[in-house]
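A note on names: the letters A, B, ... follow the listed sequences, proteins ahead of strands, and every chain is numbered from 1.
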2 protein chains.
Amino acid sequence: MPSNPPEMAQFLRKLEARSSFRPDERKAILQLPFEPRQVQANRDFVTRGERVSHSCFVLKGMAGTFGQNREGHRQITSVFMSGDMIDLQTVVLPEAMSNLQALTTTTILQIPHSDLRRVGHRFPNIAEAFWRECVLDAAIVNEWVVNVGRRDARTRMAHLLCEVACRSGHATPENAFVFPFPVTQAQFADMLGLTPVHVNRTLKGLREGNVVNVAASSVEIVDWDRLADIGEFDAAYLQLGSLRNGKAPRAARCAPPAVQMAS
Amino acid sequence: MPSNPPEMAQFLRKLEARSSFRPDERKAILQLPFEPRQVQANRDFVTRGERVSHSCFVLKGMAGTFGQNREGHRQITSVFMSGDMIDLQTVVLPEAMSNLQALTTTTILQIPHSDLRRVGHRFPNIAEAFWRECVLDAAIVNEWVVNVGRRDARTRMAHLLCEVACRSGHATPENAFVFPFPVTQAQFADMLGLTPVHVNRTLKGLREGNVVNVAASSVEIVDWDRLADIGEFDAAYLQLGSLRNGKAPRAARCAPPAVQMAS
DNA sequence: CGATTGTTTGACGGGTCTCAAACTAAGTGG
DNA sequence: CCACTTAGTTTGAGACCCGTCAAACAATCG
């Protein structure tokens, strides 16, 4: 089991967006061991009910959790992209509560629960950061319930695109930008609780309105302000760095938070 | 701030359904201070974005979190009943991520974050139990996404009724039973992402099928097996031990759907 | 007993699904 | 380099589930 810093640095950076650590805590995180693993697109790598002994960090690619109804129709309940920890919650609840699937060819790093527990016990502040990370993921799922429950297809789609743009860290103050989003329309439909056919039509509508261009593997935002307006998007629930500490503006005109990926 | 054991015993019992404690840990939980508070039906008692300094435990009644779209249509994203801790997550993320509302007249106990943190730091095992509780709540929200995203009104409603029956601890091995569910059809609609009118019609369908009778303040399950079948309900995600009220919740009637890979 | 809130029912319209087929892009083997 | 295959996208026509609007009915309460 190789223990190379550079990969865990990405994990640390993610955590530090919402938590702060002392030097020794940082070091402990950077020294976490991991096992890289490649998963092909559309392949499940964790099954519901399975007992897992490690958590998965997305190094590259995209993955998601999903449930399905009796007819086998899927509903993706959360997506994770490069830099996200997928199932930190299995540290305290090792039974997987839903299936995990790679949406595209994905490289994940498996970090043993035993090691996560160890640093958590040694540094309560780190355990708290882990807990916080789970809470933040839950906030996103909460928003998804509102999205599929109370917004029509167009609004719903715009909202999700805004979320992904912000989370991927590619949203910029400029009005137009491009970011990778390598999912098929069928997968997109499963995130939105729609059929692929209707996703296609709705995408067409947004494209013809010169709002956004969703291609096979990337999204071109043509008019961010309109997209955020259509999607009724308020990034507060993402708790991204820039608007932390109090005064989250209520009707925050959905400006994309300038996420500074110190790269 | 009174510090009387009997109320916290309910909290402890809830935690012990999924975590186990040493005697001194139990004692620390039982001695948590709290401030009782009564909230009228349909009253918000926490607003999104607000910074809170305590977590809310439901002693009696029913409460929920909700979001809303631009037109003001609500989507309830989770419900909490007697014995549930509503927002334990604010311990690590004090900014409320969604509004909290009492669905009926509700008595809550406010437990200061400072005290929750204190016992969490002193007993890492308790902190872990808190974390686990948040994870379990998140699992329920996950299931709600599937529910509103991929199930039709009838199925969706049956599923939610099953969930509430199990969580409230009133589900029994018998086929028929009654449990309190004091919500209006409009509130029920907001949980399901439907309109009140359609909720009414769907309830009628279930009633005429001799499956379940939903009255103003309670639900009479006529045929649990059919209800669970209609709702495609599998209680696994609730992670209820067999410890709840001394009675095992009804075993899942539907086998988890077969997972099929995209072929 | 009137006022208010919640439930029930009907008629109608629309957003989304289903089914089906054509089209495009990408990969595979000859 | 070309048939062939396969996965994904696009478009159309029709059906249906659910939403909207409206009004009557029932229950609760001061």
Per R201(A) side chain, nearest of listed nucleotides dA13(D), dG19(D), dT16(C): dA13(D)
Side-chain (S98(B)) to main-chain (F66(B)) donor-acceptor, under 3.5 angstrom: no
side-chain hydrogen bond (donor to acceptor under 3.5 Å, both in side chains) assessment of Q10(B) paired with S82(B): CA-CA 9 Å; Q10(B) 210 180 333; S82(B) 179; 3.2 Å; yes
Pair listing, side chain to side chain donor-acceptor pair (under 3.5 Å) test, anchored in residues 139-148 of chain B, at least two apart: T77(A)-N142(B), E143(B)-R151(B), W144(B)-E163(B), N147(B)-R151(B)
Q101(B) side-chain N/O to R43(B) backbone N/O, donor-acceptor pair under 3.5 Å: no
Nearest-angstrom distance from the residue atom CZ of R156(A) to C1' of dC17(C): 13 Å
Divergence of helical axes at both termini of the helix from dC1(C)-dG30(D) to dG30(C)-dC1(D) - five pairs an end, 10° steps: 40°
Considering only nitrogen or oxygen atoms on both sides, find all protein atoms under 3.5 Å from nucleotides 2-8 of chain C and state each distance.
{"residue": "dT7(C)", "atom": "OP2", "partner": "Q185(B)", "partner atom": "N", "Å": "2.9"}
{"residue": "dT8(C)", "atom": "OP2", "partner": "Q185(B)", "partner atom": "NE2", "Å": "2.6"}
{"residue": "dT8(C)", "atom": "OP2", "partner": "N200(B)", "partner atom": "ND2", "Å": "2.8"}
{"residue": "dT8(C)", "atom": "O5'", "partner": "N200(B)", "partner atom": "ND2", "Å": "3.3"}

Residue whose nearest DNA chain D nucleotide is more 5′ - E208(A) or A153(B): E208(A)
Any donor-acceptor N/O pair, E232(A) side chain to R70(B) backbone, under 3.5 Å: yes
Aromatic ring pairing Y237(A)/F233(A), orientation class (parallel under 30°, perpendicular over 60°, tilted between): perpendicular
Whole-Å distance separating the CD atom of Q40(A) from the P atom of dA7(D): 15 Å
Distance, rounded to the nearest Å, where L192(A) contributes CG and dG15(C) contributes P: 18 Å
Whole-Å distance separating the CG atom of D190(B) from the C1' atom of dG19(D): 14 Å
R167(A) (side chain) donor-acceptor with V79(A) (main chain) under 3.5 angstrom: yes
Euclidean distance, atom CG of residue L103(A) to atom P of dG8(D) [Å, nearest integer]: 12 Å
Side-chain donor-acceptor contact under 3.5 Å, Q68(A) with N99(A): no
Show me the protein contacts with nucleotides 22-24 of chain C, counting only N or O atoms at under 3.5 Å.
none

d(CG, D152(B); P, dT16(C)) in whole Å: 16 Å
Nearest-Å distance for atom pair CD/P, residues E71(A) and dT18(C): 8 Å
Whole-Å distance separating the NE2 atom of H198(B) from the P atom of dT16(C): 15 Å
M81(B) backbone acceptor or donor facing D84(B) side chain under 3.5 Å: yes
Partners meeting ring pair (Phe, Tyr, Trp, His ring centres under 6.0 Å) with F11(B) (sequence neighbours left out): F57(B)
Pairs satisfying side chain to side chain donor-acceptor pair (under 3.5 Å), at least one member in residues 193-209 of chain B, at least two apart: Q185(B)-N200(B)
